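Since the structure is predicted, the reported quantities are computational estimates derived from the model, not experimental observations. Reckoned from all heavy atoms, side chains included, excluding hydrogens, waters and symmetry mates.
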Amino acid sequence: MRRLALSIVFACALVAPAAAAEDAKRPNILFIYADDQSYKTISCYGSSPEWVKTPNIDRLASRGVRFERSYLGAWCMPSRASLLTGKLQHAVQSMTMEGQYPGSKYDPAQCPFIPAEFRKAGYHTAQIGKWHTGTDTGFGRDWDYQIVWNRPGHPENAGNYYVNQTLTFNGVDKEVKGYSTDNYTKWAEEYIKGENRDPNKPWYLWLCYGAVHGPTTPAPRHKGALKGNQAPVPADIVGPWPEKPKYLAKTASWMIGPDGRPAQMKKAKKAGNFDSAEAGKAYDAWIQQVNECNMALDEGVGRVLKALEESGQLANTLVVYTADQGYGLGEHGFNQKVAPYDATVSSPMIISRPGVIPEGAVCKHPINAPDLVDLFCREASVTVPWKTHGRDIRPLLKDPTSEKWVSPTLMTHTARSYGAETDVIPTDERLTAASEVPWYALLRQGKYKYIRNFVKEETEELYDLEADPEELHNLAGDPVQADRLRTLRAAAIEELKRTDAKFADKLPVTKAEQAAKRAKRAGSVSDRSPTKFRLVADTKESKDEKKPTVGLAAPGVFNGLDVPHSLDIYWIDVEGGAATLIVTPVGESVLIDSGNPGRRDPDRIFAVATKEAGLKKIDHLITTHYHRDHFGGAAQLAGSLPIGTVWDNATWDEQREKPDAEYTAFKTDARKQISPGNYLPLEESLGPKLSLQCLAARQKFIDEGGPAHECCAKNDAAPVDNTDNANSIVTLLKFGDFDFLDTGDLTRNREFDLVCPKNRVGTVDVFQASHHGLDVSNHPALVRSIEPHVAIVNNGVTKGNMPLMFATLQETPSIKAVYQMHKTLREDGTSHNVPDEFIANHDKECQGSFIKLSVAADGKSYTITVPSTKHSKTYACK
């Protein structure tokens with residue numbers, strides 16, 4: 001890929017100043033830095049309501065180059081970390097959040113800051129205003145002069161953005177009254193005019209305003225100044241957002257009020273966010289409040305620019321105005337920052353130096369935080385002795401309208417994680433620790449913007465910002481854009497590698513990538529599709545009731561959708577325990593029970609999951625109840641194959657039996673209690689509707705149900721069973737017309753309750769015989785009520801497949817076939833076996849053969865295979 005020269009190692013200028021005479025040639029740097037400021041609050045950007053005026057910031061833009069977009073960071077702390085180090089968030093080593101929010105720390109030896117290099121090169125450095133990057137503010141090491149509001153160091157004062165601040169004056173804390181924007185401006189004016197600095201040195205001042213961060217509070221003189229004005233409403237303020245990622249449902253913040261205009265939704269405030277969300281607050285009132293807060297900020301810019309002019313330093317000062325990031329003002333439903341859309345993260349960016357940088361120019365090429373650091377260093381002839389990520393953007397400042405600039409701009413969001421903490425992309429709460437927005441990479445290349453969300457099989461995003469500046473239409477799913485999507489995906493990965501992202505080769509598969517994999521599998525021989533087309537024998541009788549029909553099932557074609565696939569179920573031989581593995585059409589996995597402890601059962605599960613199903617992780621583990629043959633193998637399995645979310649009965653007051661410490665302690669992404677009515681959060685399939693619902697748990701049932709079968713009147717409920725078997729979790733899997741019931745070890749009395757006096761299951765295609773086929777379960781009322789076509793008995797050599805249960809299956813009219821995991825070898829049970837071809841394991845010392853069921857991509861038929869006997873038979877769904 002063709003690109004402009006990048007400053008990577010020993011970035012910035014190559015020669016340090018040699019004499020004091022050269023200092024006069026090096027510019028001062030006035031770096032004005034707002035907080036949570038949308039470019040739509042600055043009038044020169046042309047996106048604000050017509051009644052918003054920022055004359056002083058506009059005047060600065062008329063003296064320099066205004067960048068249409070810039071991407072400094074997703075939220076306050078990482079953008080500052082990038083500007084202090086010249087690195088993107090994922091490469092800032094030793095920076096970490098700790099203690100009470102916003103507590104944080106870093107090791108200066110591993111994480112040196114750029115201002116220290118300015119000091120070494122002869123600059124006088126100063127910072128005034130908000131500090132949000134470690135409790136160590138760097139006074140005496142990075143800064144010669146410092147008045148900062150140290151939020152990490154004083155979390156008890158961290159909400160005081162506007163008044164009554166605990167400020168640190170050159171290392172000494174003081175309580176200060178007054179409006180913060182005005183205070184910072186006054187101290188900056190004094191510094192610019194010569195106070196508290198060496199007059200013989202060029203200077204670098206980082207002026208960090210706190211406006212407009214929540215609790216967004218205008219200065220008293222401006223409060224209500226914009227009242228009564230109406231603001232244009234973003235087109236998608238209340239959604240829906242069908243082309244965008246699923247998390248937008250969680251971040252949605254607006255509703256339509258009684259007057260037909262938007263208003264803030266009621267949302268729980270998160271500790272440490274210091275937001276100003278107010279349920280029911282009118283959209284217009286909110287936009288007024290934000291812009292009233294900006295009024296003092298604009299006045300402050302005017303005052304410090306005037307100080308430059310009056311002190312005769314304007315001509316030799318590089319002035320930059322920007323903000324840590326943007327802030328969503330209703331766009332895509334947001335009232336926050338962090339998300340990868342221009343409205344929520346793009347900072348205003350104005351760079352000015354009279355006589356050096358063109359005046360009144362606009363640059364459409366975006367820049368990022370390391371680019372800005374690189375510019376400062378090059379202009380100041382400062383050498384940085386570590387690798388940075390910035391590019392030399394001076395060609396853009398020389399010719400802002402250049403069409404030759406082709407270098408891509410990258411920004412990463414890794415929530416509250418930095419450096420080595422980002423080497424592995426998490427799947428737990430760390431992924432969305434910042435405002436419910438998952439980790440992502442954002443890449444700008446020309447007019448196109450690419451977003452990769454670091455969530456398995458989540459949609460990518462692609463926007464044409466010239467045609468669609470508000471990012472309303474995601475082009476990632478447009479076949480016309482397929483080549484561009486692949487190109488930008490590759491470019492993003494290349495930039496991640498260039499900027500030292502350890503996770504670059506371990507990104508979660510995207511929705512498009514997974515679809516491509518399914519297409520490849522559907523068009524060639526694979527472990528999940530033996531052939532492109534397979535013969536399907538439909539056991540439903542034709543209208544003339546003379547013969548079955550025969551048809552072709554094509555897993556690669558379904559209603560014009562992109563390559564749907566089969567749903568697969570594996571019954572794994574765990575010697576009398578239980579392990580049923582479900583693999584959805586998009587490759588998501590659910591394991592119901594994990595067999596016994598030791599190596600035998602976990603190894604057999606691992607072999608089927610990896611070699612047969614091609615899995616690298618068990619996404620969901622359901623433990624039906626706390627008997628060792630159902631939970632005992634989980635801990636050992638987790639040591640070989642990562643386990644995502646564990647779903648079980650957790651603990652409750654009436655609990656009699658509990659799992660051991662090994663089960664409760666093994667590593668997993670999350671542990672959740674499942675309850676009747678809950679659905680597992682499975683990814684959507686391209687084909688028919690897919691669901692996995694809990695029908696019963698802890699002897700409680702879903703309320704829904706149909707009429708009872710006549711068998712309820714002919715059978716009695718069984719005696720109460722006080723073991724944990726009665727607490728078994730019951731699940732119903734549905735895929736199109738296919739239904740599969742797994743009852744764990746549910747006891748006979750609770751099986752009766754499940755279908756009598758109302759049938760909470762309905763009818764199913766496949767029933768996994770309860771409790772390994774023991775007589776203490778498998779109540780005739782259950783089996784008759786659900787009318788299965790096929791029963792699977794996950795029994796052992798001597799365990800299960802008992803006489804009463806076997807007779808129940810044989811006498812149920814709906815059952816067309818029974819499959820067994822083991823041939824029963826008990827002396828009293830040899831007659832209780834189906835034909836050998838329907839049995840996976842025949843010998844006592846078996847090799848652990850499995851049974852596999854594959855539901856066709858259209859959800860209308862399923863094929864059961866016994867690999868050890870080469871048996872295969874296809875059944876039509878009901």
Side-chain angles (χ1 to χ4, degrees), residues 30-37 75-77 79-81 83-84 97 99-106 108 113 115-116 119 124-197 203-222 272-274 276 293-294 296-297 299-301 303-304 307 323-324:
L30 173 56
F31 184 20
I32 307 173
Y33 200 65
D35 196 339
D36 284 13
Q37 186 177 33
W75 60 287
C76 308
M77 183 172 164
S79 64
R80 287 165 168 78
L83 288 163
L84 288 167
M97 305 287 293
Q100 182 181 344
Y101 184 88
S104 52
K105 69 175 183 178
Y106 62 94
F113 288 165
R119 293 185 75 212
H124 190 276
T125 62
Q127 193 217 346
I128 295 172
K130 176 181 173 179
W131 176 260
H132 194 354
T133 318
T135 55
D136 179 357
T137 65
F139 174 68
R141 181 184 63 246
D142 302 306
W143 309 101
D144 293 296
Y145 178 68
Q146 200 176 38
I147 305 176
V148 288
W149 178 47
N150 183 357
R151 297 183 71 239
H154 295 284
E156 75 287 347
N157 191 246
N160 293 34
Y161 265 84
Y162 299 94
V163 294
N164 302 327
Q165 293 186 321
T166 300
L167 297 172
T168 305
F169 290 74
N170 296 332
V172 179
D173 291 343
K174 296 181 182 179
E175 300 296 322
V176 177
K177 304 292 184 181
Y179 191 68
S180 65
T181 302
D182 297 340
N183 288 337
Y184 301 166
T185 297
K186 172 179 177 292
W187 296 322
E189 287 177 304
E190 294 170 350
Y191 181 83
I192 289 168
K193 291 177 179 179
E195 293 185 32
N196 304 304
R197 65 177 174 85
W203 49 266
Y204 168 54
L205 170 61
W206 192 17
L207 175 56
C208 298
Y209 288 110
V212 297
H213 196 291
T216 307
T217 307
R221 63 185 180 278
H222 297 138
N273 278 10
F274 308 106
S276 52
C293 200
N294 279 336
L297 181 59
E299 290 174 356
V301 170
R303 287 169 57 184
V304 295
D324 50 8

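Closest approach of V176 to L167, counting heavy atoms only: CG2-CD1, 3.5 Å. Residues H213 and C76 come closest through the heavy atom pair CD2-SG, 3.8 Å. Here the closest non-hydrogen pair linking N196 and Y145 is ND2-OH, 3.1 Å. Of all the heavy atoms in Y162 and G210, the pair that sits closest is OH-O, 3.9 Å. In terms of heavy atoms, G159 sits closest to P215 at O-CD, 3.7 Å.
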Please report the C-alpha distance between K130 and Y161 in whole Å, then the side-chain angles of each, then the deciding distance to 0.1 Å, and finally whether the side chain to side chain contact (heavy atoms under 4.5 Å, CB included) criterion is met. CA-CA 9 Å; K130 176 181 173 179; Y161 265 84; 2.8 Å; yes

Please lay out, stage by stage, how Y191 and H124 fare under the test side chain to side chain contact (heavy atoms under 4.5 Å, CB included). CA-CA 11 Å; Y191 181 83; H124 190 276; 2.8 Å; yes

Before you tell me yes or no, could you show the steps for Y179 and H222 under side chain to side chain contact (heavy atoms under 4.5 Å, CB included), namely the whole-Å CA-CA distance, both residues' side-chain angles and the distance that decides it to 0.1 Å? CA-CA 12 Å; Y179 191 68; H222 297 138; over 6 Å; no

Would R197 and L205 count as a side chain to side chain contact (heavy atoms under 4.5 Å, CB included) here? Give the steps. CA-CA 11 Å; R197 65 177 174 85; L205 170 61; over 6 Å; no

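A heavy-atom distance below 4.5 Å is found between the side chains of P115 and L84. A heavy-atom distance below 4.5 Å is found between the side chains of R303 and K186. In this structure the side chain of W75 never reaches within 4.5 angstrom of the side chain of D36, judged on heavy atoms. In this structure, the side chains of D144 and R119 come closer than 4.5 Å at one or more pairs of heavy atoms. Contact of the F139 side chain with the T168 side chain is not registered, since no non-hydrogen atoms from C-beta on lie closer than 4.5 Å.
Ring geometry for W143 against W206 counts as parallel: the plane angle stays under 30°, on a 0 to 90° scale with 60° as the upper cut.
Atom CD1 of I128 is separated from atom CZ of F169 by 9.5 Å, given to the nearest 0.5 angstrom. Between the CG atom of D324 and the NE2 atom of H132 there is a distance of 8.5 Å, given to the nearest 0.5 Å. D136 contributes atom CG, which lies 7.5 Å from atom CG of D142 (distance to the nearest 0.5 angstrom). Atom CH2 in W187 sits 12.5 Å away from atom CD in Q146 (nearest 0.5 Å). Rounding to the nearest 0.5 angstrom, the gap separating the CZ atom in R80 from the CH2 atom in W131 is 9.5 Å. Rounding to the nearest 0.5 Å places OH of Y106 at 4.0 Å from CZ of F113.
Results of the side chain to side chain donor-acceptor pair (under 3.5 Å) test with Y209 over D35, N294, T185 single out T185 as the only residue that passes. When each of N157, T166, N183, N160 is checked for a side chain to side chain donor-acceptor pair (under 3.5 Å) with W149, only N157 meets the rule.
Applying the side-chain contact (heavy atoms from CB on, under 4.5 Å) criterion to R221, with sequence neighbours excluded, gives D182, A219, A296, E299. Residues passing the side-chain contact (heavy atoms from CB on, under 4.5 Å) test with S104, sequence neighbours excluded: M77, M97, P152. Q100 is linked by a side-chain contact (heavy atoms from CB on, under 4.5 Å) to P155, counting only residues two or more places apart in sequence or in another chain.
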